[in-house]
Peer 1: 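Below is one structure. I have some questions about it.
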Amino acid sequence: MHLKAENEYSQSVTSHLKGLQENLYNEFLSSIQETDYTTPRPRGNYWYYTRTFKGSSYSAYCRAPKTTDTYSIDWDGTKEAPILRGEEIYLDVNVLAKDKSYCSVGRVKTSPSKKLIAYSVDYSGDEKYELHVKDISTGEDVALKEGGEDKLLEIDGVTWGKDDSVLYYMTMDEQHRPFRLFQRKNWKSDKPTDTLLKEDLDDLFWCGLYKSLDEKFVFFESASKETSEVWYLSTEDEETVTEMKCVAPRRNKVLYEVEHGHGKWWVWTNVDQTPNMKLMTAPAEPDSANNWELVEDTNGVPLFDGSLSKALDSVTVLNTHVVVQGREGGIPRVWFYDIASKNIKRLEFDETAYDVGLLSHFEADTKSVAVSYDSMVTPPSSIDISLDDDTQRTVLKSKVVPGYDKDLYGCDRLEVLSRDGKTQIPVSVVYRKETMEKVKAGERVPVHLYGYGSYGACIEADFRSTRLPLLNRGMIYVIAHIRGGGEMGRQWYEEPEGGKYLCKKNTFNDFVDVGKWLADKWTTPEILSCEGRSAGGLLIGAAINQAPQLFRVAILGVPFVDVVCTMTDSTIPLTSGEWVEWGNPNEEKYHQYMMEYSPMENVQEGKQYPSCWLTGGLHDPRVAYWEPAKFTATLRHANPDSKNPICMKLDLSAGHFSASDRYKYYRELAYDYSFLLDQMNLAASENGTQNGTL
């Protein structure tokens, strides 16, 4: 009843915004191509891709026979026409979602014969995924069950073995943590054979499953934010061997990840306490740590030595090259390393700030790879690049954004000095050029500031068509790349200078410092808004407590705001593993530090807080719905006479990631943005009223 009452209150506050919400929704739809497809990627004898259809809420997984190494698309743009000749839909999520209020497909794995798929699906938003196997030719769909039971098998990860007879899958414990790896043989049988291959009972460690690109090994990875360990099983031995071997035993505060290729392990690791990950190789044998050697270029210089200059994130081992993804100068980067010549080349692009990354890649035997490229003003494109000559580039697909004129918009990369007097905070900015001209003429304009700053995650300078309605109404959109993220490498995240553990306040201070810089240079607190989701919601809660009068509006999406209470209770899903991110509040030093920044404990009385819009999901296993509900009540109680509304919108049929239905998602976003624009007085003509405050 309470949650429904909160939704009703939020609806009453925004009841005059129906026209604006409809306008925003239509603008979102008009900026996407509703009938569209993703870039086809080769795997075996097929091209694989997904499609969306106008009026359909979910994607359809498709494939078409591969007759040559290249393809020609002669699509007329209609729903009925195939993208490639011989196209077949092998999994239509719209069919799965029929009569469901929520539907999220997790993993989709094609079997070695390409006749079957294993897929997982969540029908509630609680991230408990059922495992299914589907026969592509007959359409037969089998929901797998726990061995000897009628209960559906809930999994976190899945992959196939050497052939179609063996499946590997991960299960979760009561705290929703992946922790056990099983091998299932005779999966079609009513009495399949399940073998527990590996488990980790330490609830600080999150476990994962993956298969090497050359398909020779199945890996079990157990990792906290500070320590990791990888075990493996050869697919050639899966019929007779059920005991996994360890690549290198865990060592405290040593992280490593592994791929296989050319008969050896390719390892990226921070061993010897390097600030960033270094790239190493070793014989493909167990207990290999003593044989790890740095990978060097033709001059004997290590490619990645773990120093501050370059951050390494992932490694893809191909037949002739190794593709490395990482960061340099705060920007995502891709490098090609020629294994034979030992030459390494970084891919270069024209724009100064952008987002780039390797597209899904399934085959080691290739002469080129495809990357996705975009910037804050450039819509995404898929580019095929020759491994031997990176100047040979072919645009495979460019995202169509109807009505978008790139020449009307601009973007910048700035730096703002933190209050510590030495740290430069990177800031990405996108705007309509006419708006920035007003700033240059001395006029103050509305600004929306976004941030995250946790887990070493990066918020990239990418393209989002959903920002256009804000930009077109005269707002400047700003991303603060604050400490706690990984934009400047692991040192941006780790102690002693980053935004983790007992340095977490750096995250909030950086964000407020960027906000103050904006209020001094471009805008004023009366027309400055802010936004963050999840751990970014914690950021916003801490920021408005620290500087409540700096912002006019704050959006807190599924916000992690009850830090001390949640982190003290290890029975809550996912809590224990977070102790190596925030610290364990059962220890005095961490408890005291958390108490000093936790939003719930630091709401100020008698202050004018910004108008706040909090969201949550009833089935959210990451940030429970009671956190936004509790913070909403706390803000109201502390300042009962505030003229600014504090509203909460709770989705009763979703989890952490909002609506799975793409049309519902746009409806919900229009709802959120209508509140933002109304409170910023940017939509009076669309509302029929000047302001929506009560």
Peer 1: Can you see which heavy atom on Asp620 is nearest to which on His656, and at what distance?
Peer 2: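 Closest heavy-atom pair between Asp620 and His656: OD2-ND1, 2.7 Å.
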Peer 1: Is the side chain of Asp678 donor-acceptor paired with the backbone N or O of Ser674 at a distance under 3.5 Å, no angle test?
Peer 2: no
Peer 1: Run the numbers on Asp92 and Arg51 for salt bridge (charged side-chain N to carboxylate O under 4.0 Å, His left out), then give the verdict.
Peer 2: CA-CA 9 Å; Asp92 190 343; Arg51 292 191 65 176; over 6 Å; no
Peer 1: Could you tell me whether the side chains of Asn509 and Gln546 share a donor-acceptor contact shorter than 3.5 Å?
Peer 2: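 Their side chains do contain a donor-acceptor pair, which is all the 3.5 Å distance test asks for.
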Peer 1: On a heavy-atom basis, which atom in Thr507 and which in Gly453 lie closest, and how many Å separate them?
Peer 2: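 What the structure gives for the nearest pair is CG2-O, 3.3 Å.
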Peer 1: Name the one of Thr615, Thr14, Asp672 that satisfies side chain to side chain donor-acceptor pair (under 3.5 Å) with Lys649?
Peer 2: Asp672
Peer 1: What distance do Leu614 atom CG and Glu627 atom CD have between them, rounded to the nearest 0.5 Å?
Peer 2: 11.0 Å
Peer 1: Cut-off 3.5 Å, side chains only: do Glu34 and Tyr663 have a donor facing an acceptor?
Peer 2: yes
Peer 1: Can you tell me how far the CG atom of Leu24 sits from the OH atom of Tyr673, to the nearest 0.5 Å?
Peer 2: 9.5 Å
Peer 1: Sequence neighbours left out, what pairs pass ring-ring contact (aromatic ring centres under 6.0 Å, His included) with at least one residue falling in residues 623-648?
Peer 2: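 Not a single pair qualifies under ring-ring contact (aromatic ring centres under 6.0 Å, His included).
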Peer 1: Taking Trp579 for its side chain and Met567 for its backbone only, find out whether a donor-acceptor pair lies under 3.5 Å.
Peer 2: yes
Peer 1: Has Lys128 got more than 12 heavy atoms of other residues, nucleotides or ligands less than 6.0 Å from its NZ?
Peer 2: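 For Lys128, atom NZ is not crowded (no more than 12 foreign heavy atoms under 6.0 Å).
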Peer 1: Do the side chain of Trp492 and the main chain of Gly456 share a donor and acceptor less than 3.5 angstrom apart?
Peer 2: no
Peer 1: So how far is it from Lys98 NZ to Lys100 NZ, rounded to the nearest 0.5 Å?
Peer 2: 10.0 Å
Peer 1: Does Lys79 NZ have over 12 foreign heavy atoms under 6.0 Å away?
Peer 2: yes
Peer 1: Does a donor on one side chain sit under 3.5 Å from an acceptor on the other, for Thr524 and Glu526?
Peer 2: yes
Peer 1: Can Glu27 and Tyr666 be said to form a side chain to side chain donor-acceptor pair (under 3.5 Å), step by step?
Peer 2: CA-CA 10 Å; Glu27 288 172 41; Tyr666 287 131; over 6 Å; no
Peer 1: Could you tell me the separation between the CG atom of Leu96 and the CG atom of Asp122, rounded to the nearest 0.5 Å?
Peer 2: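 CG of Asp122 is found 12.0 Å from CG of Leu96.
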Peer 1: Between Met648 and Thr632, what is the shortest heavy-atom contact and its length?
Peer 2: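 Looking at all heavy atoms of both residues, the closest pair is CB-OG1, 3.6 Å.
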Peer 1: Which of these, Glu199, Met170, Met172, sits in a side chain to side chain contact (heavy atoms under 4.5 Å, CB included) with Cys207?
Peer 2: Met170
Peer 1: With no hydrogens and no angle check, is any side-chain donor or acceptor of Glu130 less than 3.5 Å from a backbone partner on Ala143?
Peer 2: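 Checked: no pair found.
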Peer 1: Output yes when a side-chain donor or acceptor of Asp156 lies under 3.5 Å from a complementary backbone atom of Thr171, and no otherwise.
Peer 2: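 Checking the backbone N and O of Thr171 against the side chain of Asp156, no donor-acceptor pair under 3.5 Å is found.
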Peer 1: Between Asp355 and Asp374, is there a donor-acceptor pair closer than 3.5 Å when you use the side chain of the first and the backbone of the second?
Peer 2: no
Peer 1: Report yes or no: is the cationic atom of Arg636 (NZ for Lys, CZ for Arg) under 6.0 Å from the centre of the six-membered ring of Tyr9, at an angle within 45° of the ring normal?
Peer 2: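 Yes, Arg636 and Tyr9 form such a contact.
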Peer 1: Using 0.5 Å steps for rounding, measure from the CZ atom of Phe179 to the CG atom of Asp173.
Peer 2: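 Rounded to the nearest 0.5 Å, the CZ-CG separation comes to 5.5 Å.
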Peer 1: Between Glu686 and Lys18, is there a salt bridge with N-O shorter than 4.0 Å?
Peer 2: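 No salt bridge links Lys18 with Glu686.
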Peer 1: Assess the residue pair Thr50 and Thr38 against the criterion (side chain to side chain donor-acceptor pair (under 3.5 Å)); give the C-alpha distance rounded to whole Å, side-chain angles, the decisive distance to 0.1 Å, and a yes or no.
Peer 2: CA-CA 6 Å; Thr50 63; Thr38 59; 3.3 Å; yes
Peer 1: Please enumerate all residues that pass salt bridge (charged side-chain N to carboxylate O under 4.0 Å, His left out) together with Asp651, with sequence neighbours excluded.
Peer 2: Lys664
Peer 1: Are a donor atom and an acceptor atom from the side chains of Glu668 and Ser658 found within less than 3.5 Å of each other?
Peer 2: no
Peer 1: Can Ser660 and Tyr58 be counted as having a side-chain donor-acceptor contact under 3.5 angstrom?
Peer 2: yes
Peer 1: Please evaluate residues Arg483 and Glu494 with respect to the criterion salt bridge (charged side-chain N to carboxylate O under 4.0 Å, His left out), reporting the C-alpha separation (whole Å), side-chain torsions for both, the decisive distance (0.1 Å), and the verdict.
Peer 2: CA-CA 9 Å; Arg483 281 176 285 181; Glu494 299 280 9; over 6 Å; no
Peer 1: Mind jotting down which residue pairs meet the ring-ring contact (aromatic ring centres under 6.0 Å, His included) criterion with at least one end in residues 580-617? Sequence neighbours excluded, please.
Peer 2: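 Qualifying pairs, neighbours excluded: Tyr455-Trp582, Tyr501-Tyr590, Phe508-Tyr597, Phe560-Trp582, Tyr593-Tyr597, Trp613-Tyr671, Trp613-Phe675.
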Peer 1: Between Ile646 and Pro610, what is the shortest heavy-atom contact and its length?
Peer 2: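 Taking Ile646 first and Pro610 second, the nearest heavy atoms are CD1-O, 3.8 Å.
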Peer 1: Please give me the minimum heavy-atom distance between Tyr102 and Gly655, naming the atom from each residue.
Peer 2: CE1-N, 4.4 Å
Peer 1: Is it the case that Ser642 and Gln608 place a side-chain donor and acceptor less than 3.5 Å from each other?
Peer 2: yes
Peer 1: Determine yes or no for a side-chain-to-main-chain donor-acceptor pair under 3.5 angstrom, with His2 supplying the side chain and Ala629 the backbone.
Peer 2: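 The answer is no, because no donor-acceptor pair under 3.5 Å joins these two groups.
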Peer 1: Looking at every heavy atom in both Leu652 and His619, which two are closest together, and how far apart are they?
Peer 2: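 Looking at all heavy atoms of both residues, the closest pair is O-NE2, 3.6 Å.
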Peer 1: How long is the span from the CE atom in Met475 to the OG1 atom in Thr523, to the nearest 0.5 Å?
Peer 2: 8.0 Å
